[in-house]
Amino acid sequence: MTDMSQEPLVGEELSEAVLTLTLGRAPAHPLSRAMIAALHDALSRAMADDRVHVLVIHGPGRIFCAGHDLKEIARHRADPDEGKAFVSELFAACAALMLDLARCPKPTIAMVEGIATAAGLQLMASCDLAYASPAARFCLPGVKNGGFCTTPAVAVSRLIGPRAVKEMAMTSATYGADWALAAGLINRILPDETLAAHVGALARDLAACNQGPLRRGIATLDRHLDLPLEDAYALATPVMIEHFMDPGRRHLDWTD
């Protein structure tokens, strides 16, 4: 029998400038306090590593990520404060991870084979792109657990409309890949046998791009989405000029 305690919380594989972060602790890959720390550490190192151009986050199997470890939280109910200090630290750490992931200057891709639920869906939604198998499912189940998926809804609401995210959060229903694609929660549904190959090829193509304009372009796109049209052009135009002056594209249209 495999000793789960000896498995890494987050596996790391770097190939052709693409770093794949594989969530451990199968099958649920829960976002325990330790998992959040390990994932955030891997993300921080990747952002500072010039060898890494693209990140892929993968929770293999029938569960992409089940969200927070409710058993871990339950154990802290015996604390003198009934666990308030622990959950305060937990959610602060989770928010910091999700913010850094959403603002990562390098392209991030989620590869989803199974269900992404609660903070697991938040993790997926915080990536730039998400590709899923036909078996993938998506859920904000907080209401069924006597609460509400308030923080996961922050990331999800940036991708889908207010009525859709409210329905997800208020009903705790589980939605299939077709619904997620139509809602804008994922980019594409791919057959199980081609999902990894598609994500890998896309990641390698992005890793081979001129990185300066790519990263500035993504950051500018994120910033101007909520701006008035005039302000969006005012923000984007100087960045576009920088793209054309970038030495990395000299071979395209510069002549000696």
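In this text the structure is predicted, and so the values were computed from the model without any measurement.
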Any Lys/Arg nitrogen of [X] or [Y] sitting under 4.0 Å from an Asp/Glu carboxylate oxygen of the other?
| X | Y | result |
| --- | --- | --- |
| Glu72 | Arg33 | no |
| Glu113 | Arg62 | no |
| Arg51 | Asp49 | yes |

Is it true that a side-chain atom of [X] and a backbone atom of [Y] form a donor plus acceptor pair closer than 3.5 Å?
| X | Y | result |
| --- | --- | --- |
| Lys106 | Val52 | yes |
| Thr108 | Asp128 | yes |
| Arg223 | Ala232 | no |
| His76 | Gly83 | no |
| Thr237 | Ala234 | no |
| Ser32 | Met35 | yes |

Point-to-point distance, once rounded to the nearest 0.5 Å, from [atom1] of [X] to [atom2] of [Y]:
| X | Y | atom1 | atom2 | answer |
| --- | --- | --- | --- | --- |
| Leu99 | Cys104 | CG | SG | 12.5 Å |
| Ile36 | Leu9 | CD1 | CG | 11.0 Å |
| Met111 | Ile57 | CE | CD1 | 11.0 Å |
| Leu97 | Ser44 | CG | OG | 8.5 Å |
| Arg137 | Ile63 | CZ | CD1 | 13.5 Å |
| Met98 | Leu31 | CE | CG | 5.5 Å |

[Y] side chain reached by [X] side chain, heavy atoms, under 4.5 Å:
| X | Y | answer |
| --- | --- | --- |
| Glu12 | Thr20 | no |
| Ile189 | Ser133 | no |
| Leu202 | Leu129 | yes |
| Ile186 | Val112 | no |

> Within 45 degrees of the axis of the six-membered ring of Phe244 and under 6.0 Å from its centre: does Arg249 put its NZ or CZ there?
Replying inline: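 Pair Arg249/Phe244 counts as cation-pi.
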>> Do His224 and Asp231 pair up side chain to side chain, a donor and an acceptor below 3.5 Å, judged on atom types alone?
In response: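 Absent: no donor and acceptor within the cut-off.
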>> Pairing donors with acceptors under 3.5 angstrom, does anything connect the side chains of His243 and Asp246?
In response: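 Absent: no donor and acceptor within the cut-off.
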If hydrophobic clusters are built by linking Ile, Leu, Val, Met, Phe, Trp and Tyr wherever their side-chain heavy atoms come under 4.5 Å apart, do [X] and [Y] end up in the same one?
| X | Y | value |
| --- | --- | --- |
| Met124 | Val54 | no |
| Leu14 | Val10 | yes |
| Leu23 | Val18 | no |
| Trp179 | Leu159 | yes |

> For the rings on His29 and Phe64, is their centre-to-centre separation under 6.0 Å?
Replying inline: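 Not close enough - the centres of the two rings lie 6.0 Å or further apart.
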